Amino acid sequence: MTFADQAVIAIENTRLFEEVQARNRDLTALGEVGRAVSSTLELKVVLKTIVERAVELSGTDGGSIFYFREDIGRFELGETTGLDEEVIARFRKLDIAAGETGLGEAIESGKPLQMADITKRSSNPLRDAAIEAGLRAALIVPLLSAETPLGALVLQRRQPGDFPPAIVTLMQSFADQSAIALENARLFDEIAQKSRELEIASQHKSQFVANMSHELRTPLAAVLGYAELLQEGIYGAMPEKSLPILTRIRSNGKHLLGLINTVLDISKIEAGQFKLNLTEYALGSMVETVMSATESLAATKKLAFKTEVAEGLPIGLGDEQRLTQVLLNLVGNAIKFTDAGEVRITVGAANGQFSLSVSDTGPGIPAEECEHIFEKFRQLDSSNTRAKGGTGLGLAIAREIVEMHGGRLWVESTLGRGSKFHMELPVRALIAAGAA
Amino acid sequence: MSQRILVVEDQEDLRAILRDFLSASGYVVIEAADGVESVAKAVSERPDLVLMDIQLPVLDGYDATRQIKALPGFTAIPIIAVSSFAMKGDEERARAAGCDDYVTKPYSPVQLLRIIRGFLGDKA
């Protein structure tokens, strides 16, 4: 092998080495850009990274992203690099109509557009401003997302001349990444906007339900009031046979009122208007109240009704009316779903917490349903709803009330053996929890 | 002489129920359908007790109560607020306005009578 041969090989090796290095550099930059696109939804950060790397790799003097406003057919300057503040300010003020510029031409063709010497192009505001800023050559790569033009990546150079094909190809990849970033940002904004709209719609709905439940109570109050007056004989003596009917009208009316109040409660919770009214209460007498309200129901079903209340319970602080509602719900459910056996209330206190449980010998709840029953509108199955009544909201409200007191409500159950609802409640509910 | 109760209520049905029931219970019932009318009737009819709805057109129950309580010789006239709000703070607002008691709708007329008798005695 002659010296000349060796020299040729050495030169070829050097060239190959440089090519590999350049390729590596391109790949590293593309990787960096790809990471920026996938790791951040901050559009400006992504586009800034893209423009900076593009200028660095192409060895040009400046670069910018122009956004295309399709609705008005105009371009606006976005992120830039390598341009003077003064030049940027001038570019921002320009009214860049798509039709007249290279930007418009590139978007129209969907392909990169080279301008080896911009002075040879016909005058338009952007070209004139670029020449004034000392720029002579430009490479414009359109940013397309599924054929929709989003804008353009523009590289600017002070020296006139062509851009090497390798650079054009690389810039095409950068443009693709920019388009993805723009599309991601647009989708993200769209989703954020949709979720804001949903949030508002949901609040309107809750407010509507709250207002509606409130409105439903007024005529119902009239129905119940008149029925009571009829029964009291205010309008004269009623025929004997009509008296039990009036009782039925009133009990159905009260039931309807209970359902409306439940819906009102849940809509108040959803609208964030549900507030606790904290007062001191005696848990023992609360249990007695609930027991006297429900024992006739238990007796009708021939269920044993037992309470075990520990001696010397501390005085509690909480919303007495709401806690009574919770206990009534738990005991009411226990009686409703139990056909034989017993319902038992157990109450104790330790370490600043009341612990209360309501157990029954009913059909039990499948393990996978033990959490779901506390969700709104959830009952074990719809045939139960028909047979046992109820809105499927009671337990959801009960859990909300207990949690607002800083407590917990959960259930343990064995199918075929019965269920045991547990409540753990701070003896003194946190003032913050109840503050209106 | 029968004792006189001013019933302030904008819903005609609810007013009729109270009128029929309280008349049957031996009271003379005076009616007002809004806050402004309630103040005027209080002045002209000198009731012994006022049942004041809170949600009222023109002038609400809180303001009407304040104005009635400020009339000469009316400080001791009991005013019972009747509200369909069951929100926390409503009772405090009613009492701050000068109401002597607070009842939430829907109420049973019989229960209401018990409260009225608590203020007026059982002589009606």
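Just so you know, these numbers use all the heavy atoms, side chains as well, and skip hydrogens, waters and symmetry mates. Note that the coordinates shown come from a computational prediction; the quantities given were computed from them, not determined experimentally. So that the names make sense, note that chain A is the first sequence line, chain B the second, and so on, each numbered from 1.
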### Point-to-point distance, once rounded to the nearest 0.5 Å, from CD1 of Ile234(A) to OG of Ser23(B)
9.0 Å
### Query
Is atom CD of Gln321(A) surrounded by more than 12 heavy atoms (other residues, nucleotides or ligands) closer than 6.0 Å?
no
#### Entry: Heavy-atom pair with the smallest gap, counting every atom of Ile17(B) and Ala221(A)
CD1-O, 4.3 Å
### Query
Is there a side-chain contact between Pro219(A) and Asp13(B) (heavy atoms, below 4.5 Å)?
no
### Query
Should we count CZ of Phe208(A) as having more than 12 external heavy atoms under 6.0 Å?
no
### Task
Could you look at Phe274(A) and say if it's the side chain, the backbone, both or neither that has a heavy atom under 4.5 Å from chain B?
neither
### Query
So, Tyr226(A) versus Asp20(B): side-chain donor-acceptor pair below 3.5 Å or not?
no
### Task
Side chain from CB out, backbone as N, CA, C, O: work out which of these in Leu220(A) comes under 4.5 Å of a heavy atom of chain B, or both, or neither.
neither
### Query
Does a sphere of radius 6.0 Å around CD in Glu240(A) hold more than 12 heavy atoms from other residues, nucleotides or ligands, not counting ones at 6.0 Å or beyond?
no
### Message
Taking CZ in Arg248(A) as the centre, count heavy atoms belonging to other residues, nucleotides or ligands within less than 6.0 Å. Is the count above 12?
### Response
no
